[in-house]
Each structure stands twice: as structure tokens, then as C-alpha cells.
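Below: one structure, written as C-alpha cells.
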Amino acid sequence: MRGTAERALGVHRVLEPAGVLPQAARRLDPDPAVGPDEVRISVQRLNLDAASFRQLSEACDGDGEAVRAAVLEIVRTRGKMQNPVTGSGGMLIGVVDAVGPESPLGLAVGQRVATLVSLTLTPLRIADGLAHWDGLSEQVPAEGSAILFARSIAAVLPDDLPDAVSLAVLDVCGAPAATARVVERAGATSVVVIGAAGKSGCLSLAAARAAGATELTGLVRTDAEAAALTSAGLADRVVVADATDPLAVAAAVGTPADVTVVCVDVSGAEHGAVLATADGGTVVFFSMATSFPAAALGAEGMAADVTMLVGNGYTPGHAALALDLYRSEPGVRALIDPRVTQ
Ligand code: NAP
């Protein structure tokens, strides 16, 4: 058996290539038999991350049956749900149904939980052929088993919210936490959120406000989203532009902000985000569709002195912060609820 530290990271579940961590693996072992330090979850629902779902849906021309077949094939061949094109995954909810005697996670059989580690590193077996999913939405009713390692994290699902809402909010809970941290540390006053009417976007606006920012701009793509965001009351200013058109973004934003948070689910938003940010400011790239070369070379090419952060999905306290923002901000609920299939 491997060393405790390696097992805690799940290295013993990697089938190929040898020596990598589970997130980088092509294939994991999804055997439902739990090791002494593992926890097994009886899966109820997956949440595919937005960039992954959009890519699958576009590749299948919106054909739900084809999307479902593609997801089944990915999980069957990889032992996890990691979109090979976007590299991203999502997370899941379910019920704890086995706990190894040495698991340090503090979970008990019967608890309803959301995994807060990505599906890209979670051993997963699907047992029902996703028969109850039409392939048309990010949330996937599913039966099967998933494995948590000693270093995984999971949150017990709150009783006061519908599971589908908790799943949607927890999937993006890293965004408001990262935004709050950056705003607080920098003492930032102005914040631009790109893709502001989406789930991570509206939570980031609310987190920026709570962290002390006073000039909040929400950038959205359509007039309909602009109307929804304006009525949600989360931003001081709502502007409309295509996030993938850097000059349009710069024109719409006007004076660059201290902090820009990228929450779109499409690629090509890097240059607009850099132009939207003041010298000495910070860009948080939460979007999984972000390109490191596009961001780094773009900023260099514009001689933009901005700090660029990869939106880490984990920040201590991120789950509680996001759920509290959902509970306390009617505007967040107004934007998230219509996006959630309950
Ligand atoms: P979401 O709810 O679908 O929101 C995305 C928003 O971006 C939508 O309002 C969408 O508008 C808007 N948008 C798309 N294309 C645009 C464009 N060209 N210009 C302006 N706005 C545009 O997505 P989400 O769940 O918040 O996820 C957002 C991103 O976070 C995704 O890339 C996802 O993969 C990523 N993510 C990252 C982590 C992490 O740990 N870093 C974790 C989870 C998710 P429409 O609705 O009109 O298309």
C-alpha cells in the first residue's frame, strides 16, 4: 500500500499514467470498494461546470441524447467526469454510504453532502445510464458511486435550501471567496465583474460589496441580462458588451477598475479583462475557459501592470460564504433561481 500522504491525495486510484495526481490522470479506478481512509458517496446529482457543459452542448449541436452519451463515455473511459476539451469537471451531491475507519473527513453514513473537490479528480461510476437526464442542463440526476480521499473536502448539505440550489451555488463558491479576499487585501473600491448575471458572477458582485467595494460594474452580453441584473440591484452600473471583444469591453467599462473578475463560460475574455483593469490592479480569472498564454502574453503585449490570479476553487470558508450570500441577497436568488433546474 502507498504511503499515507500519497493515499490522502488519491494517487492509489490513478490507473494511467503512473505517478501523476488524480486530476492530471487520464484514467482513475472508480471501484466502489472503499479503502481504509476513503469515503464512498451514493451519487444523486452531478453539476457539470458551465464551460464543460457549453462545450459538450455545442459539440453535439444541442442534441441532449448525444450530450448524455458523451458524458457516459467520458465517465466510462476515464473513471471520472473530466471534459477532455475544457479539462474541467464540476461537482456532485449524494449520501455518504461507507466511511473507512481511518478517514479524517468526519463524515458519517447517511449524511447528505456536496463534494467540494472537482469531478476532475473524483473516482466516479455511473449505474443508471443517466436515464433521468435529458442532456439539456448542467445538473444531471444520476445514480452511482463516487470516492473521496483523505484530503478531499465535502460540505453537509443545508436543510433550508433545495439540493439543486445548493449544488449550483457550491459549484461556484470559489468565485465569491476569491473576490472577497482580493478586494479586502487590496482595499479595492472599484470592481468589474464580467459575466455578471451568471451564477458565479452575481455571487462575486455580492461578495465584492460585502467586502467593502463601492463602485461595482456588472458586464453582461445581452439587454435581457442587463435588465435582470439591474433589477437585481447588485451592481452600481450595468454595461453591455461581448466579453470576447476586448475593445468593446474597454469602451463599455470606461475607467479601468481596481479588480476585474472573469465569470464567463466562454473562451476569449482575457484581453478585455486586462483592458478593464487599472495599472496596479488585479484580474481574477475564475472562468475555466481562460487561456494562460492569452492572459500572460496579452497583458505583456499591452504593457499592462496587472496581477493575474487563477481563481482557485478552494478558499477556506468558501462554501458557507456563498450559501450565506444566496440566503441574504434577494438579487442573487433572483439571478440564480431561474438557472437552476429543481
Ligand atoms: P453561468 O452561470 O453560465 O454564467 C456565465 C455567464 O457568462 C452567463 O451570464 C453568460 O451569459 C455569460 N457570458 C457568456 N458568454 C459571454 C460573452 N461573450 N460576453 C458576456 N457574457 C457572456 O456560469 P457559472 O456557473 O457562473 O460559471 C462561470 C465560469 O466559472 C465557467 O467558466 C466555469 O467553468 C467556471 N468555474 C470555475 C471554477 C473554479 O474553481 N475556478 C469552478 C466552477 C466553475 P448567457 O447566459 O447569456 O450565455
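Note that these values count all heavy atoms, side chains included, but never hydrogens, waters or copies made by symmetry. Just so you know, ligand 1 is whichever comes first in the structure, and atom 1 is the first atom listed for that ligand.
- Proximity to Met288 (heavy-atom distance under 4.0 Å) selects the following atoms of ligand 1: 32 (O), 34 (O), 35 (C), 36 (N), 37 (C), 38 (C), 39 (C), 40 (O), 41 (N).
- Judged by distance alone, the side chain of Arg112 and the main-chain N or O of Ile93 form no donor-acceptor pair under 3.5 Å.
- A donor-acceptor pair is defined here as one N or O able to donate and one able to accept, closer than 3.5 Å; such a pair exists between the side chain of Asp128 and the backbone of Glu143.
- Side-chain contact, Asp97 with Ser42: no donor N or O sits under 3.5 Å from an acceptor N or O.
- The main-chain N or O of Arg45 is never found under 3.5 Å from a side-chain atom of Gln139 such that the two would form a donor-acceptor pair.
- Within the 4.0 Å heavy-atom cutoff, Asp49 counts among the residues contacting ligand 1.
- In this structure, atom 36 (N) of ligand 1 lies nearest to the protein heavy atom Phe286 CE2, 3.4 Å.
- A donor-acceptor contact shorter than 3.5 Å links the side chain of Ser152 to the backbone of Phe149.
- Residues Asp171 and Lys199 are not paired through a salt bridge, judged by the lack of any N-O separation under 4.0 Å between the basic side chain and the carboxylate.
- Looking at Thr217 and Arg237, their side chains do bring a donor and an acceptor atom within 3.5 Å of each other.
- Counting protein heavy atoms only, atom 4 (O) of ligand 1 is closest to Gly198 CA, 3.3 Å.
- The protein atom (non-hydrogen) at minimum distance from atom 31 (C) of ligand 1 is Val264 O, 3.5 Å.
- Taking every non-hydrogen atom of Val266 and a distance limit under 4.0 Å, the qualifying atoms of ligand 1 come out as 15 (N), 16 (C), 18 (N).
- Taking only nitrogen or oxygen atoms, main chain and side chain alike, Lys199 reaches within less than 3.5 Å of ligand 1.
- Residue-to-ligand polar distances keep Gly201 apart from ligand 1: every N/O pair is separated by 3.5 Å or more.
- Ligand 1 places these atoms under 4.0 Å from at least one heavy atom of Ser200: 24 (P), 26 (O), 27 (O), 28 (C).
- At a cut-off of 3.5 Å, with distance as the only test, a side-chain donor of Thr260 or Thr277 sits close to an acceptor on the other residue.
- Residue-to-ligand polar distances keep Asp171 apart from ligand 1: every N/O pair is separated by 3.5 Å or more.
- Judged by the shortest distance from any of its heavy atoms, Ser52 lies outside the 4.0 Å radius around the atoms of ligand 1.
- Counting protein heavy atoms only, atom 18 (N) of ligand 1 is closest to Asp242 OD1, 2.8 Å.
- In this structure, the side chains of Val113 and Val39 stay at 4.5 Å or more apart for every pair of heavy atoms.
- Of the protein's non-hydrogen atoms, Glu225 OE2, 3.4 Å is the one closest to atom 47 (O) of ligand 1.
- For atom 28 (C) of ligand 1, the closest heavy atom belonging to the protein is Cys263 O, 3.2 Å.
- The pair Asp236-Arg209 meets the salt-bridge criterion, since a charged nitrogen lies less than 4.0 angstrom from a carboxylate oxygen.
- In this structure a side-chain-to-backbone donor-acceptor pair under 3.5 Å is missing from Lys80 to Thr122.
- Once rounded to the nearest 0.5 Å, the distance linking CG of Asp163 with CD of Gln44 reads 6.5 Å.
- When heavy-atom distances to ligand 1 are checked against a 4.0 Å cut-off, Ser118 has no atom that comes that close, whether in backbone or side chain.
- Atoms of ligand 1 found under 4.0 Å from any heavy atom of Ala241 (numbered from 1 in listed order, with element): 19 (N), 20 (C).
- Not a single N or O atom of Val172, backbone or side chain, sits closer than 3.5 Å to an N or O atom of ligand 1.
- Remark: ligand 1 atoms within the under-4.0 Å shell around heavy atoms of Gly313 are 40 (O).
- With hydrogens left out, the protein atom closest to atom 46 (O) of ligand 1 is Arg339 NH2, 3.1 Å, a heavy atom.
- Among Gln55, Arg221, Met91, the residue whose heavy atom lies nearest to atom 16 (C) of ligand 1 is Arg221.
- For atom 19 (N) of ligand 1, the closest non-hydrogen atom of the protein is Ala243 N, 2.8 Å.
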